[in-house]
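The structure under discussion appears below in the form of structure tokens.
These numbers come from a predicted model, not from an experiment. Letters go in sequence order (proteins before strands), and every chain restarts at 1.
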There are 2 protein chains.
Amino acid sequence: MTKKRQAYYTCSMEAALNVIGGKWKLTILNRLLTGPKRYGELHRSVTGITEKMLTQQLRELEEDQVIARTIYPVVPPRVEYAFTESGEKLSDVFKALEIWGSNFQHRINPISGNADHDKSCYVLKEEEQPGQLIHNP
Amino acid sequence: MTKKRQAYYTCSMEAALNVIGGKWKLTILNRLLTGPKRYGELHRSVTGITEKMLTQQLRELEEDQVIARTIYPVVPPRVEYAFTESGEKLSDVFKALEIWGSNFQHRINPISGNADHDKSCYVLKEEEQPGQLIHNP
DNA sequence: TTCGGTACGTACTTTTTTGTAAGAAATGCC
DNA sequence: GGCATTTCTTACAAAAAAGTACGTACCGAA
């Protein structure tokens with residue numbers, strides 16, 4: 001394990017940030033919001049991530065009990081990753097990050113109304129149920 | 001500036017995470033929740049941070065328009081840091097992080113009911129008004 | 001004229017995170 | 001046997017973040 005992972009924090013927020021921080025974790029978790037995914041699916045879906053990084057981040061998320069790993073004993077191997085109950089509860093964090101980040105982007109970079117870098121990972125439904133997020137098509 | 005700071009993101013969440021990520025920013029922002037603070041106050045209050053790091057993080061937060069810097073032209077110098085309007089809106093993010101992180105800590109480390117590392121940075125009031133956080137005494 | 005207090009800046013080193021490239025296991029199919 | 005497929009490992013290298021140590025400016029007071 002490369003990443004130094006603290007066991008204790010003086011602050012719950014820091015603990016949370018440590019779980020979802022890093023270059024790839026939000027993106028990975030984002031992909032899992034639409035349901036369980038295989039390793040290869042994630043690898044294709046998370047553009048630019050290397051296999052080493054993907055494995056490493058998945059291991060850490062698993063260690064933090066945010067996602068669960070299911071191995072199907074077949075050849076070639078089939079491994080699926082899915083949110084745990086605790087991981088699903090992260091949606092409130094995602095939502096808050098998404099809302100604030102969206103405002104932030106528009107403020108910092110208001111000219112880019114239709115550009116690629118302006119799109120959100122998540123869209124909040126109009127008739128929103130608390131805690132629910134749907135993935136951007 | 002040491003930190004590589006992206007200008008564009010494919011995801012608002014990533015933009016948000018970039019603003020509050022890093023080793024010290026949540027702690028600094030946490031201190032500012034109780035009102036504007038001077039450089040020296042922050043330095044004493046954020047245990048362990050070096051002057052270089054404090055300055056650097058404050059500069060980045062200022063650049064991201066999360067905090068504002070006010071210089072009083074006196075000798076010796078007096079400089080105050082305070083949330084901007086946008087920074088204040090981060091409280092929703094803090095709250096979500098805090099709630100999830102708190103559950104996370106109890107799950108990961110359930111034995112530590114009264115230890116130091118179990119305490120929160122924030123306490124949510126019983127009769128909570130939306131978006132309001134008060135600092136832990 | 002040296003000193004103190006405040007808020008930095010800068011060169012350099014160490015630590016941490018991320019990336020590159022290659023290999024390995026398991027097994028059915030040709 | 002040799003190959004393809006999938007899910008990882010591992011050793012090594014590069015890049016980024018954080019830490020160390022020291023220096024600067026201001027001006028009034030001693």
Discussion item. Output the rounded distance in Å from CG (B/Leu58) to P (C/dT6).
Written reply: 17 Å

Worksheet item: Hey, is the side chain of A/Lys52 poking within less than 4.0 Å of OP1 or OP2 on D/dT7, counting only N and O atoms?
Response: no

Item to complete: State whether a side-chain donor-acceptor pair under 3.5 Å links A/Tyr39 with A/Thr55.
Response: yes

Discussion item. So, OP1 or OP2 of C/dC8: does either fall under 4.0 Å of a side-chain N or O from B/Tyr81?
Written reply: yes

Worksheet item: Rounding to a whole Å, what distance do you find between A/His43:NE2 and C/dT20:P?
Response: 11 Å

Practice prompt. Measure from CZ on A/Arg69 to C1' on D/dT6 and round the result to the nearest Å.
Written response: 12 Å

Worksheet item: Between D/dA16 atom P and B/Met53 atom CE, what is the distance in whole Å?
Response: 15 Å

Item to complete: Could you tell me the separation between the CZ atom of A/Arg44 and the C1' atom of D/dT5, rounded to a whole number of Å?
Response: 12 Å

Discussion item. Under 4.0 Å from OP1 or OP2 of D/dT7: is there any side-chain N or O of A/Arg38 that close?
Written reply: yes

Worksheet item: In terms of side-chain heavy atoms of B/Val79, which of D/dT5, D/dG19, C/dA7 is nearest?
Response: C/dA7

Practice prompt. Write down the distance between CD (A/Gln57) and P (C/dT16), rounded to a whole number of angstrom.
Written response: 17 Å

Practice prompt. Tell me whether the OP1 or OP2 atom of C/dC8 has a side-chain N or O from B/Arg78 closer than 4.0 Å.
Written response: no

Worksheet item: Does a donor on one side chain sit under 3.5 Å from an acceptor on the other, for A/Glu14 and B/Thr27?
Response: yes

Worksheet entry | Note, A/Ile67 side chain near A/Leu58 side chain (heavy atom, < 4.5 Å) | yes

Practice prompt. Check every atom of D/dT5, C/dC8, C/dT6 against the side chain of A/Pro76 and return the nucleotide holding the closest atom.
Written response: D/dT5

Discussion item. Closest-nucleotide mapping onto DNA chain C: is A/Val75 or A/Trp24 further toward the 5' terminus? I mean the 5' end.
Written reply: A/Trp24

Practice prompt. Start with the C-alpha distance between A/Glu41 and A/Arg31, add both sets of side-chain angles, then the distance that settles salt bridge (Lys or Arg N to Asp or Glu O under 4.0 Å), and finish with yes or no.
Written response: CA-CA 9 Å; A/Glu41 287 182 277; A/Arg31 297 302 182 276; over 6 Å; no

Response to the item:
Taken to the nearest whole Å, CG/A/Leu42 to C1'/D/dT7 is 12 Å

Worksheet item: Can you tell me how far P of D/dA18 sits from CD of B/Glu60, to the nearest Å?
Response: 8 Å

Worksheet entry | Phosphate OP1/OP2 of D/dC8: any A/Arg59 side-chain N/O under 4.0 Å | yes

Discussion item. Do A/Trp100 and B/Val19 make a side-chain contact, defined as non-hydrogen atoms from C-beta onward lying under 4.5 Å apart?
Written reply: yes

